[in-house]
Protein chains: 2
Amino acid sequence: MDELLDILKKNQLSVTAGRKKILELFLNSPGALAHADIEKNTDAAFDRVTVYRTLQTFVDKGIIHHIPTTDNSILYALCRDNCEQGHHHDNHVHFICDNCGKTICLEDVTVPEVKLPNGFTPSHAEMVVKGICGDCR
Amino acid sequence: MDELLDILKKNQLSVTAGRKKILELFLNSPGALAHADIEKNTDAAFDRVTVYRTLQTFVDKGIIHHIPTTDNSILYALCRDNCEQGHHHDNHVHFICDNCGKTICLEDVTVPEVKLPNGFTPSHAEMVVKGICGDCR
DNA sequence: CTATATTTGCAATAAGGTTGCAAGTATTAA
DNA sequence: TTAATACTTGCAACCTTATTGCAAATATAG
């Protein structure tokens, strides 16, 4: 069966044109996508609201996750690790290229542990590295 | 001389009531502040626009820095390291409490280095840890 | 104290995101 | 295959957050 349908079915989501198309974009993207990227790549075939709601649904189901940024943009990327509904395991480093602006998931680079001050209990850590990516070198 | 005035003068900024008040808030805050926090703590004595412009000026001068978040909020915190105009050295870890929601600068916890894939050149790294802070334990 | 440069506040505008609701589509069960 | 049900979509309106131009007000330098 198609990976696309598989993912949607596994998460008990009805299969609709919008969800298929948006999920496909994520499966074919090496990096992160912003809402604007999705609108652009779908030729605005779907309403803004639908895109927002689809993204939110995917986050809720653990299919995609938010990526932290220093500006106020919201980026999403596929959860390639074992994410479940309401429980994300997104512990790889994200890379943002200073030149092309792309955000790339470094699947093989794990977020290192850090020693916190007394009294602090960690539950989750995110790491974003900026610099020049392989393509722009 | 007052630390406040000292910082403003050093950065060649005119000393105004708004800048003094906003900078004071940062000096007295252990963590990060959002635009909304500042409006609240100044009783809206200053126009929203003034607050935005003051924050931008402080960022430009290297007095405060943006903090990465996973949602789309913008947070600012004092640069306690040696930041200069146009050149921030904000390499400590930030902690966001799952309980009280506060963002705290862990001045003493340095962002660790990570080994990147071939072709990637890092320029800057950010790290955000979530969990329970000392006060909420 | 005056002249100049900078900063502020207002109004208008833009960008980004959300909500209610009716119409449309997917799914389920017969 | 079809009908009933549940879910999803698109529209319109709205809200929050952020930005810009400009005139009035304030700070600084001389």
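Proteins come first, then strands; the chains are lettered A, B, ... in the order of their sequence lines, and each starts at number 1.
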Is any side-chain heavy atom of Asp108(A) less than 4.5 Å from a side-chain heavy atom of His92(A)? no
>> Could you see if Val49(A) belongs to whatever hydrophobic cluster contains Leu33(A)? Use Ile, Leu, Val, Met, Phe, Trp, Tyr and a side-chain cutoff under 4.5 Å.
In response: no
So the contacted stretch of DNA chain D, first to last nucleotide with an atom under 4.0 Å from a non-hydrogen atom of chain A, runs from dC7(D) to dA12(D)
Nearest-nucleotide check on DNA chain D, Arg19(A) vs His35(B); residue mapping nearer the 5' end is Arg19(A)
Taken in chain and number order and not counting sequence neighbours, the residues that satisfy side-chain contact (heavy atoms from CB on, under 4.5 Å) with Thr110(A) are Asn91(A)
The bend of the helix from dC1(C)-dG30(D) to dA30(C)-dT1(D), taken between the axes of its five terminal pairs at each end and rounded to 10°, is 50°
### Message
If hydrophobic clusters are built by linking Ile, Leu, Val, Met, Phe, Trp and Tyr wherever their side-chain heavy atoms come under 4.5 Å apart, do Met127(B) and Phe120(B) end up in the same one?
### Response
yes
From NZ of Lys61(B) across to C1' of dT6(C) the rounded distance in Å is 12 Å
Taken in chain and number order and not counting sequence neighbours, the residues that satisfy ring pair (Phe, Tyr, Trp, His ring centres under 6.0 Å) with Phe26(B) are none
Sorted by number, residues from residues 44-54 of chain B placing a heavy atom under 4.0 Å from DNA chain D are Arg48(B), Val49(B), Tyr52(B), Arg53(B)
- Query: Are Leu27(B) and Phe58(B) co-members of a hydrophobic cluster defined by side-chain heavy atoms under 4.5 Å apart?
  - Reply: yes
Hits for ring pair (Phe, Tyr, Trp, His ring centres under 6.0 Å) against Phe46(B), two or more places apart or cross-chain, chain-then-number order -> none
Quiz item: Any side-chain heavy-atom pair from Ile63(A) and Asn11(A) closer than 4.5 angstrom?
Solution: yes
Residue set satisfying side chain to side chain donor-acceptor pair (under 3.5 Å) with Asn99(B), at least two apart, ordered chain then number -> none
Distances for protein N/O vs nucleotides 23-26 of chain C N/O pairs under 3.5 angstrom?
none

Excluding Ile132(B), membership of its hydrophobic cluster (Ile, Leu, Val, Met, Phe, Trp, Tyr; side-chain heavy atoms within less than 4.5 Å) reads none
When the side chains of residues 15-23 of chain A are checked against the rest of the protein, which donor-acceptor pairs come out under 3.5 Å, sequence neighbours left out?
{"residue": "Thr16(A)", "atom": "OG1", "partner": "Arg19(A)", "partner atom": "N", "Å": "3.4"}
{"residue": "Arg19(A)", "atom": "NH1", "partner": "Ser14(A)", "partner atom": "O", "Å": "3.1"}

In short, side-chain hydrogen bond (donor to acceptor under 3.5 Å, both in side chains) pairs touching residues 36-58 of chain B with sequence neighbours left out are Gln56(B)-Asp60(B)
Note: for Leu13(A) and Gln56(A) on DNA chain C, the residue whose nearest nucleotide lies more 5' is Gln56(A)
